Amino acid sequence: TVGILGAERAFLFLLSDGSTALTYHVGRDGEGHDLEAPEGYSSTVVDTVARGGEPLVVSGTEDGAVAGAQSVVAHGLRSIVATPLEVRDRRIGVLYLDSRLARGVFTEDDVDILRALGNHIAVALETSRAAQLEIRVKAEAQKRSLAERLRDTSHALSATLRLEEVLGRLVDGLTGVVPFSRAAVFLRDEDRLTRVLARGFGEAEDPTPDRTESLSDHPRLAEAVEGRGAVLVRETARDERLTCVGGAMPLASWMAVPLISQDRVAGVLTLEAAQAQAFDEHDGEIAATFAGQAGIAVENARLFEEVQRLARTDELTGTLNRRHFFDLAGREFA
């Protein structure tokens, strides 16, 4: 607009929703530099256009004085033109241009041009506002959905002490929230990781659980354990530190999230996607939140299984005891 009308500066003022007060949003000078604040302009002209809804041209300091715009005289503004921004008879702002270089820079013909430009600007702004509102509505809906899914998953995790069910419910909770194709869970014992769950692996890729891996052989898994945070690999083909985990080559995108319980990393959850760049930082935060809920449940399930093991095993010899015999016999008889 500055270039088309030969102005020295242009300022855009917008009306806040539900308010009659104009707020400065953006300004540019003739060289294309951004102006952080509107200084030395005629606020009277802007207010007059905002109230009256009609364009206004001031072709010199004398016109400004007649119009009651004292700032025109004070700042030596020789030419001013301003037009309202309107959408469907609703005023949303004012577009203001001025020049201190010469008198009569703007004419009535320029007013028509500025009004046409203002209409385009107003429509573009309204479209942008509508798009931003839609984005905010969708974001709020996603937040509510995520909170509900997290709450449901938390309840599901606390409702069982069976480790297999806990891990399965963790992966189920992430389904539809994070875009993954395969999932695996490794439980940690010092520097060893044992895979206890595999989801989405084909038969040819060895999806069998109970596969033990050395933490030192997998730098990315070790990074998740030591850093206690999500590790994202957006393109596995370009990451030399990512190794074949669990007997299967990783897909195009890969993520590892630690399962933390009482300041201890109890295990690692890995997620994979067939498309590169499938995961972002937001996905990592979501997965880490769900994993944080699961960490305590995993540890409780492990402790419960250990108690069960001790209850059916002779402490001295390690052989199964009489209680286990009767449990097993009862199941076989049934």
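The structure presented is a predicted model; accordingly, all values stated were derived computationally and were not measured.
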Test item: [X] and [Y] side chains (from C-beta on) under 4.5 Å apart, heavy atoms:
| X | Y | result |
| --- | --- | --- |
| S181 | E272 | no |
| V87 | R129 | no |
| D34 | R28 | yes |
| P55 | V81 | no |
| L215 | L221 | yes |
| V185 | L259 | yes |
| L167 | R199 | no |
| L95 | L114 | yes |

Practice task
Could you check L5 against I113 for side-chain contact (heavy atoms from CB on, under 4.5 Å), going step by step and ending with a plain yes or no?
Solution key: CA-CA 8 Å; L5 296 182; I113 295 174; 3.9 Å; yes
Practice task
Could you pull out all residues at least two apart from S214 that satisfy side chain to side chain contact (heavy atoms under 4.5 Å, CB included)?
Solution key: R192, S216, D217
Practice task
List for me each residue that meets side chain to side chain contact (heavy atoms under 4.5 Å, CB included) alongside A276, sequence neighbours excluded, and say none if there are none.
Solution key: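 Scan of A276 (side chain to side chain contact (heavy atoms under 4.5 Å, CB included), adjacent residues dropped) gives E235, A252.
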Among the clusters formed by ILVMFWY side chains lying less than 4.5 Å apart, do [X] and [Y] turn up in the same one?
| X | Y | answer |
| --- | --- | --- |
| L12 | V123 | no |
| V94 | V2 | no |
| V105 | I4 | yes |

Restricting to non-hydrogen atoms, name the atom on [X] and the atom on [Y] that form the minimum distance, rounded to 0.1 Å.
| X | Y | value |
| --- | --- | --- |
| L15 | R91 | CD1-O, 3.3 Å |
| A230 | P258 | N-CD, 4.3 Å |
| P38 | F11 | CA-CZ, 3.8 Å |
| N119 | E86 | OD1-O, 4.5 Å |
| S42 | L77 | N-CD1, 3.9 Å |
| F106 | S99 | CE1-N, 4.4 Å |

Supply the atom-to-atom distance [X] [atom1] to [Y] [atom2], rounded to the nearest 0.5 angstrom.
| X | Y | atom1 | atom2 | answer |
| --- | --- | --- | --- | --- |
| R228 | R264 | CZ | CZ | 10.0 Å |
| T83 | D112 | OG1 | CG | 9.5 Å |
| T1 | D110 | OG1 | CG | 11.5 Å |
| M255 | L271 | CE | CG | 5.5 Å |
| I80 | R100 | CD1 | CZ | 11.0 Å |
| L251 | F201 | CG | CZ | 7.5 Å |

Exercise for the section: Please check if atom NE2 in H120 has more than 12 non-hydrogen atoms from other residues, nucleotides or ligands closer than 6.0 Å. Expected result: no
Practice task
Only counting residues at least two apart or in another chain, list the ones meeting salt bridge (Lys or Arg N to Asp or Glu O under 4.0 Å) with R309.
Solution key: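 R309 satisfies salt bridge (Lys or Arg N to Asp or Glu O under 4.0 Å) with E306 only.
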Determine all donor-acceptor pairs shorter than 3.5 Å in which one atom belongs to a side chain in residues 316-330; sequence neighbours excluded.
from : atom 1 : to   : atom 2 : distance (Å)
T317 : OG1    : D314 : OD2    : 2.8
T317 : OG1    : T319 : N      : 3.3
T317 : OG1    : T319 : OG1    : 2.8
N321 : OD1    : R323 : N      : 3.2
N321 : OD1    : H324 : N      : 3.1
N321 : ND2    : A311 : O      : 3.0

Exercise for the section: Answer yes or no: is there an ion pair linking D283 with R234, defined by an N-O contact shorter than 4.0 Å? Expected result: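 Not counted as a salt bridge, because no side-chain N and carboxylate O are separated by less than 4.0 Å.
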Handout entry: Salt-bridge present (R115, E54; N to O < 4.0 Å)
Key = yes
With no hydrogens and no angle check, is any side-chain donor or acceptor of [X] less than 3.5 Å from a backbone partner on [Y]?
| X | Y | answer |
| --- | --- | --- |
| S253 | Q277 | yes |
| R188 | E190 | yes |
| D239 | T236 | no |

Practice task
Name all residues meeting the ring pair (Phe, Tyr, Trp, His ring centres under 6.0 Å) criterion together with F13; count only those two or more places apart in sequence or in a different chain, and write none if there are none.
Solution key: Y24, Y41
Exercise for the section: Provide the full list of ring-ring contact (aromatic ring centres under 6.0 Å, His included) pairs with a residue in residues 251-270, sequence neighbours left out, each pair given once. Expected result: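 Every candidate ring-ring contact (aromatic ring centres under 6.0 Å, His included) pair involving residues 251-270 fails, so no pair, neighbours aside, qualifies.
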